[in-house]
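Reviewing the structure listed below.
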Amino acid sequence: MAVKTFVTNEVLTASDTNTYLNNGGLVYVTSASFTGATWNINSCFTSTMNHYRVLVEYDSPGGNDVAFVQLRTGLTNTTTGYYHAGADFLASPTYSPQGGTNAASIRVGCMSSGIPARIQLEFFKPYAAAYTGVTSYSQSSYSPDSRWLTISGGHLANTTSYDGFSIAGSTSSTGTITVYGYRKA
Amino acid sequence: MTDPILGTFHDAETGETITRELTAEEIAALPQPSEPLTPTE
């Protein structure tokens with residue numbers, strides 16, 4: 001049961017409640033606090049779900065830098081085969097196009113020392129034997145008066161099944177990553 | 001002497017999280033910006 005219409009004074013039963021709890025669209029997978037130059041999560045992608053949303057919160061970036069994503073299988077990152085395009089938008093307003101062909105990673109955001117930066121990632125079919133798609137939206141500030149929006153998208157052009165990912169940013173950064181999956185049905 | 005480059009590793013299956021110094025291989029695999037970050041504003 002994905003959808004049920006309740007009527008006035010109808011009793012919400014335990015069965016209905018449990019059904020809705022078990023059929024939510026986004027399902028929590030894992031979350032952890034991170035520090036350092038690379039933040040790595042293993043075993044977060046499984047056959048249970050096809051697609052994932054990841055919220056990356058750089059609470060305190062260690063410097064002015066760029067954030068990159070790599071897919072991970074077991075304990076090893078894949079460091080080639082990424083095709084991506086995107087842009088950084090400034091409040092000026094100006095923008096700077098970004099991209100890569102057969103690159104070592106996908107560029108997903110910017111950060112500035114000590115100013116929080118947030119990145120929303122979507123991974124499409126990372127666990128399947130198919131190209132993994134990645135899209136991202138991120139916001140940050142170079143200073144309180146200079147806003148950044150980064151949008152990017154791309155894929156990893158191989159059919160390897162991936163069970164995790166890494167995000168590399170500025171050294172000495174601290175923050176949190178939370179992973180959610182999209183329920184299949 | 002430069003400070004060690006750290007990384008944090010979280011296993012979603014076990015819930016274990018560790019922070020350790022990156023190996024030489026992991027440092028070599030770190031992505032490098034294609035151009036410097038130079039805000040224009």
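These numbers come from the heavy atoms of this one structure, side chains and all, not from hydrogens, waters or symmetry mates. Chain naming here is simple, since letters A, B, ... match the order of the sequence lines and numbering starts at 1 in each.
In this structure, chain B has a heavy atom under 4.5 Å from the backbone of A:S33, while its side chain stays farther away. For A:S166, no part sits under 4.5 Å from any heavy atom of chain B, backbone or side chain. When heavy atoms are compared at a cutoff of 4.5 Å, B:L22 approaches chain A solely by way of its side chain, counted from C-beta outward. Contact annotation for A:T35: both backbone and side-chain heavy atoms come within less than 4.5 Å of a heavy atom of chain B.
Counting heavy-atom pairs closer than 4.5 Å to chain B, the top-ranked of the candidates A:S173, A:S43, A:A168 is A:S43.
No side-chain donor-acceptor contact under 3.5 Å links A:N77 to the backbone of A:T79.
For A:Y182 and A:Y52, the distance between ring centers is not under 6.0 angstrom. The six-membered or imidazole ring of A:Y95 lies away from that of A:W148, with a centre-to-centre distance of 6.0 Å or more.
Going from atom CZ of B:R20 over to atom CD1 of B:I5 covers 12.5 Å, rounded to the nearest 0.5 Å.
Below 30°, between 30° and 60°, or above 60°: for A:Y180 and A:Y28 the angle between ring planes is above 60°, a perpendicular geometry.
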